[in-house]
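Proteins get letters first, then strands, A, B, ... in listed order; numbering begins at 1 in each. If you're wondering where the values come from, they're calculated on a predicted model, not measured in any experiment.
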Amino acid sequence: MTRADAITGSVITNSLSAYCEETAEALLHTSRNPTLSVGHDFSIGFTDADADLVTGGAGVPCHLASIDMCVERMLEAVGGVNPGDVLLTNDPYEGRNTHLADFTLATPVVDDGGDPVLWVVVRAHQADIGAVDPASMATTAETIYHEGLRIPPLKLVDGGDRQEGVVRLIVGNSRLESIQRGDLLAMVGAARKATRLVDELVEKYAADTVRETVADLLATTEAEARAHVRDLQDGTYEGESWSDTNPDTGEEVHVRAVVTVDGDDLTVDFAGSDPQVRGVTNNSLAVTHAAVNGAWFSVADLDFPLNAGAFRMVDVVAPEGTVVNPEFPAGTAYATITSYQETVEAVWDALAEAAPRETPAGYARMVRPVMSGHDPDSGEPYSQLQLNVMGGGGAIWGCDGPQSVAGTVGFRGGRAIDPEVQENLFPYRIHGTELRTDSGGAGRWRGGLGPTVSIVPLDHEAVFSVGGDFGRSVRPAGHLGGEAGDPPSVRVRRENGAVEEVPHAFVNLDIGPGDTYVQDSGGGGGVGDPHDRPPERVRRDVRNGYVSRAAAREEYGVAFEPDSLAIDRERTAELRDGDGSFPSSGDGPDPSAGGDDADPSAGGDDADPSAGGDGADRSAGGDGADRSTGGDDA
Amino acid sequence: MSGDRFTVGVDIGGTHTDLVVQDGDLARFKVPTTPDSLVDGVLDALERAAAHHDRDVAAFLADTGLVVHGTTVTTNALIEGEAATTGLLTTDGFRDVLERNMESSSNVYDLRREPSLALVPRYLRRGVPERIDSDGTVLEPLDVDAADGVVDDLVAEGASAVAVALMSAYAEDAHERTLAERVAEREDVAAVSASTDVYRTVGLYDRSVAALVDASLKPVVREYLETVESELRAAGFEGTLLLMQGNGGVTSAAVIADQPITSVNSGPAAGAVSAAYHAEQAGVSRVISFEMGGTSSDVCLVPEGDPLVSTDNLVGETPIPVPMVDVNTIGAGGGSVAWVDDRGVLQVGPTSAGSDPGPACYGRGGDDPTVTDANLALGYLNPDYFLGGAMALDGEAAREAIANGIADPLGVSVEEAAVGVRRVANEDIVNQIRQVSIERGYDPREFVLVAGGGAGPVHAATVAGRFDATAIVPRAAGTFSSLGLLEADVRHEFSRSVLEPVSPGALETARSRFGEMERAARETLAGEGADGSMHAYQWQLETRYDGQVHELTIPVESDDDAAAVERRHHDHHAERYDFADESATVEAVTARLTAYARTDGLSEASVDERVPAPEALKTRRSVHFTETEERVETPIYDGSRPIESIEGPGIVEFEHTTLPIPPGFEARTDPYGNYVLDPGT
């Protein structure tokens with residue numbers, strides 16, 4: 001092998017990333033269900049012939065980080081795959097899929113001999129798959145039999161011929177026939193586009209060169225990821241998180257993770273997690289793996305796109321019959337929200353001991369209503385996952401949390417739907433989408449804010465199916481001395497003025513044309529002692545209405561002159577007990593460096609957050625290792 | 001009474017101000033840009049032009065009927081953050097749309113990046129009591145007194161300009177209009193823009209951004225235009241002044257002052273028009289314009305003389321959601337830094353060494369290897385004839401940077417590493433070209449690639465060769481963009497929402513919208529003095545399948561029926577996305593009208609003399625062509641006079657760029673002295 005191959009390899013690797021992004025853009029533009037076309041709830045990836053993820057540039061973490069398992073299952077289950085075939089499954093058991101709501105397509109790119117070189121994988125959330133409740137994530141299902149059409153691995157396209165019988169079967173089970181059909185065609189179109197692009201690449205550079213390139217890529221990624229594991233102190237770290245509401249019993253459901261670091265291997269054992277529940281909040285095994293991989297990958301902070309090499313040293317032990325690996329026919333409709341997020345949090349909670357400054361504070365729990373009814377103008381049924389209610393993200397050492405993101409499902413991703421676009425697509429009116437003051441946890445780095453969104457159905461009776469979790473007993477955790485974020489809450493303001501608080505998730509609410517659905521989405525947790533936040537930065541938050549004057553005083557220890565936002569330095573020093581009111585910049589970047597009006601990103605916040613000597617602190621174990629008590633390490 | 005013998009195009013770029021004079025033939029002049037007072041550079045260039053035409057500036061300008069001006073003043077104001085501090089007035093409850101509806105982070109796992117910023121901080125975004133329904137009904141009347149107080153607050157917070165963007169204003173703009181008028185009367189606000197005046201479309205986020213950008217540019221642009229106009233008048237100019245726009249057309253200074261967002265990105269737009277002109281000289285109408293400078297590579301498809309426009313644009317980090325020439329930009333320029341990531345994958349850009357310190361070979365202290373360093377190391381560039389010899393390049397520094405940054409981490413030789421940098425950069429450009437052509441249903445073999453910019457010609461043959469396409473390198477790559485100023489038509493974009501499934505009734509609605517827009521367009525064109533006989537109108541519809549939120553733009557004729565429009569949507573969808581869904585409902589979302597007043601454009605005499613290659617031969621040197629994978633002894637030609645034809649390998653050296661002709665390729669000049677390159681058979 002000549003060394004010039006490193007360059008050919010670079011060209012191939014970069015081209016695969018470009019193809020992935022372009023295919024994602026095509027699906028974004030062609031899909032018919034706003035969860036895809038606005039919410040970007042889909043993923044495009046390429047795997048190698050053995051189903052290991054090679055390129056996953058564009059996608060949702062909870063989809064992509066374990067997409068391998070599903071492809072592998074499809075290849076096992078469907079014998080005799082030929083060029084032009086497109087495989088399909090949505091089954092979380094037989095297909096190792098995420099949940100029924102996601103359809104996963106795989107199609108091969110083959111060499112001259114007909115052997116696969118790569119697989120193109122398209123996974124996307126569906127509009128309506130005929131579950132007991134509208135849209136694709138049933139809230140009141142008890143088992144998977146209530147959650148919609150279950151499709152074992154099969155051929156959707158056979159040698160280039162779309163199997164119209166399969167299409168009719170799927171579309172006929174959907175409340176939204178035209179959109180369901182359109183999205184299926186869009187997914188096949190995206191798969192075809194990606195296949196055409198990769199085909200040309202294989203033709204130009206030869207199949208074996210592409211194979212060698214992706215094998216090298218996975219190997220170097222693995223080596224790099226292992227080096228990160230080696231940097232962690234060997235040991236056993238315990239983490240835990242839970243949801244408020246077992247949909248059946250109303251009790252808490254706990255996920256417990258024991259992370260063992262041994263040299264460059266990482267084991268995550270979920271022994272001790274609660275038994276599976278009757279209802280929709282069990283993880284599929286694929287979701288559990290995605291949660292572990294995503295939590296690890298976000299902490300490892302490798303500076304390149306995710307692929308399977310980053311997870312080869314991660315061993316997941318998920319006891320059968322628990323909420324993280326349920327036995328058939330347990331429901332999994334909400335797996336990607338609950339208990340995915342609880343699983344991510346449990347792993348982060350454990351990793352926070354080993355890598356405190358690399359681990360974020362908690363993210364807002366997701367509460368996502370599905371709105372459904374009949375459009376008063378057309379009489380046609382509609383249903384839609386509400387895309388305007390995301391919450392705040394957790395801060396991390398050196399960086400405030402992001403505002404309004406799609407929880408740990410998307411980490412830093414997720415974009416709210418434009419209110420005008422939303423009102424044009426669906427028969428309801430939006431009364432405001434503003435971020436909620438003080439919803440982000442206080443900290444030297446503040447948690448992201450969540451919005452308050454108010455929605456009124458127009459001229460019809462709608463049903464809002466509220467799923468997710470309020471997390472009231474386990475608010476988005478603060479970290480290293482930071483405060484927890486606000487939990488979400490939901491209420492209905494009836495036409496007669498009465499306000500009904502919604503006590504827990506997994507209920508269907510009847511909302512009439514005079515009623516208003518109001519959701520306060522949650523905020524992310526803060527990191528570091530709020531008294532260490534530079535007063536100028538607090539002042540800017542108050543000026544922007546992210547933090548109230550009262551919270552500035554009570555939580556951040558910053559006081560202002562009575563009639564202005566001039567900082568009362570004397571009072572501030574008193575409130576802060578004379579310590580840490582104007583911290584030196586020796587320990588991490590000073591977030592206020594940009595000055596009050598300046599672009600916060602210009603203020604040197606991009607500086608390496610680990611510059612404060614974190615690597616050295618990590619093994620000392622004294623660095624705020626306990627997330628709940630959060631010792632101040634400044 | 002002014003004469004109109006001369007027509008002048010003047011383009012102010014970052015380093016040079018280019019001036020072109022049309023007088024039967026074309027004359028071109030280049031002077032340094034004067035950053036402190038941009039108009040001084042224009043006057044310097046005019047002096048050169050006047051002297052060339054044997055008269056003083058006053059006499060020259062007295063004989064000049066038209067000056068077309070291209071300026072980067074708006075683009076620079078955005079990129080360098082020098083636009084006015086602007087406040088946003090929006091509907092109560094919606095001020096965070098600007099913050100919550102931004103594109104997601106591209107790497108969702110990167111938790112350590114500061115959250116992206118909204119265009120303006122939250123304290124400059126305020127709600128006013130009012131609400132209009134999506135069908136245009138007023139649900140809550142505008143409280144003007146409360147609104148006045150809100151504007152007071154914005155001014156107190158430091159805003160000197162105000163943008164107005166209200167919910168559902170695309171359906172009913174009465175509240176926006178009232179607010180804009182009230183703000184315009186205030187002495188403490190310098191400028192105001194209403195979203196529906198800037199771009200009328202569904203999407204509060206897009207309209208808010210458009211209004212904010214527009215309002216923030218007004219004070220800057222007005223001051224600039226007043227200076228340019230008064231200096232030109234003072235110097236004796238009595239003719240018409242037109243300005244280049246980002247949509248590839250020109251317009252009056254008054255229109256730009258009123259809607260400065262349209263002048264953003266006018267530089268790349270002029271480049272695309274210029275590319276179309278050069279292709280036409282070679283008898284080709286389908287063009288891919290490729291400009292590669294120090295920091296980026298800009299690619300744009302020009303299907304039949306007019307560049308494609310898009311509303312999905314980004315300038316620096318600022319979204320510009322109004323119609324602009326659809327330029328695909330990537331960070332692959334001559335100064336782009338090559339690096340090896342943690343996986344051992346070689347990458348080029350997007351970081352650029354810029355011009356200071358610049359590539360390692362500039363010898364100004366840069367030690368990152370760049371594309372220019374690779375081109376120098378491989379022999380493409382002449383260290384003693386860069387910028388016509390004005391700057392010596394340090395080959396040793398280039399090789400050392402490549403050794404440290406690429407060769408050592410990859411374990412390859414410096415030569416192999418340099419080849420790698422060039423190949424990766426070329427592939428990035430090939431991907432750009434593929435994206436604007438094949439992926440939109442255009443076959444690049446039916447197009448010519450017109451290469452401009454200092455680095456474009458250096459890569460032209462290789463990237464065009466990947467598609468078996470012909471490449472054209474204009475004779476004067478140095479004044480490439482400024483020619484576009486004189487070639488461009490007067491052009492305006494209008495839009496109105498339709499929002500109905502395609503049906504005879506919907507088309508009737510669309511036709512009446514087109515009628516309204518044509519009347520408005522005619523008025524605008526008349527205000528610019530354009531002769532009615534030169535007016536032309538193009539109708540387009542943005543269409544989508546029911547439920548989609550992204551649209552295709554398809555051409556429509558006044559007598560199209562619903563079936564024809566649906567058919568066209570299906571065909572375009574299949575071309576662009578590999579499938580169509582003929583069972584789905586097609587919606588007409590937006591009616592778009594482009595209004596043109598055709599101008600005379602450029603005319604150029606053919607060159608008098610083209611020399612045979614041997615007469616232009618300067619020397620020979622060894623060049624490592626990526627096509628042959630080895631060094632070959634290569635003839636080097638002096639490009640100051642057009643050369644009849646050259647068989648590769650060969651390199652033509654111009655003052656501002658270098659044209660390699662790889663082995664197997666053939667180059668000839670057309671009657672205007674432009675080089676036309678074809679891959680051999």
Quick one, [X] and [Y] - any side-chain contact, counting heavy atoms below 4.5 Å?
X        : Y        : result
B:Leu124 : B:Pro121 : yes
B:Leu204 : B:Thr90  : yes
A:Leu425 : A:Tyr382 : no
B:Leu98  : B:Tyr205 : yes

Chain A: which of [options] shares the most heavy-atom pairs with it under 4.5 Å?
options                                : result
B:Asp133, B:Val424, B:Asp341, B:Asn426 : B:Asp133
B:Glu551, B:Arg434, B:Arg125, B:Arg576 : B:Arg434
B:Thr85, B:Asp342, B:Val202, B:Asp428  : B:Asp342
B:Gly203, B:Gly127, B:Ala580           : B:Gly203
B:His550, B:Gln347, B:Arg207           : B:His550
B:Val97, B:Asp96, B:Ile438, B:Thr91    : B:Asp96

Interchain contact, [X] with chain A, by part (heavy-atom threshold 4.5 Å):
X        : result
B:Ala425 : neither
B:Gln548 : both
B:Arg466 : side chain
B:Leu499 : side chain

For the candidates [options], which exhibits the highest count of non-hydrogen atom pairs separated by less than 4.5 Å from chain B?
options                                : answer
A:Leu197, A:Val405, A:Leu302           : A:Leu197
A:Gly448, A:Gly189, A:Ala406           : A:Gly189
A:Met390, A:Lys193, A:Gln422, A:His431 : A:Lys193
A:Val421, A:Thr220, A:Leu185           : A:Leu185
A:Ser454, A:Gly182, A:Pro419           : A:Pro419

Can you tell me which portion of [X] sits under 4.5 Å from chain B's heavy atoms? Options are side chain, backbone, both or neither.
X        : result
A:Tyr363 : side chain
A:Tyr19  : side chain
A:Asn388 : both
A:Ile12  : neither
A:Val542 : neither
A:Thr13  : side chain
A:Ala186 : both

Side-chain donor or acceptor of [X] paired with backbone N/O of [Y] under 3.5 Å:
X        : Y        : answer
A:Gln180 : A:Val171 : no
A:Asp183 : A:Arg32  : yes
A:Glu420 : B:Ser168 : yes

Regarding [X] and [Y], does a basic nitrogen lie under 4.0 Å from an acidic carboxylate oxygen?
X        : Y        : answer
B:Arg343 : A:Glu224 : no
B:Arg122 : A:Glu434 : yes
B:Glu140 : A:Arg429 : no

(request) Check B:Val209 against B:Pro321 and note the closest heavy-atom contact, atom names and distance. (result)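 Nearest heavy atoms, B:Val209 then B:Pro321: CG1-CD, 3.8 Å.
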(message) Looking at B:Asp312, I want to see if its CG is surrounded by more than 12 non-hydrogen atoms of other residues, nucleotides or ligands under 6.0 Å.
(response) no
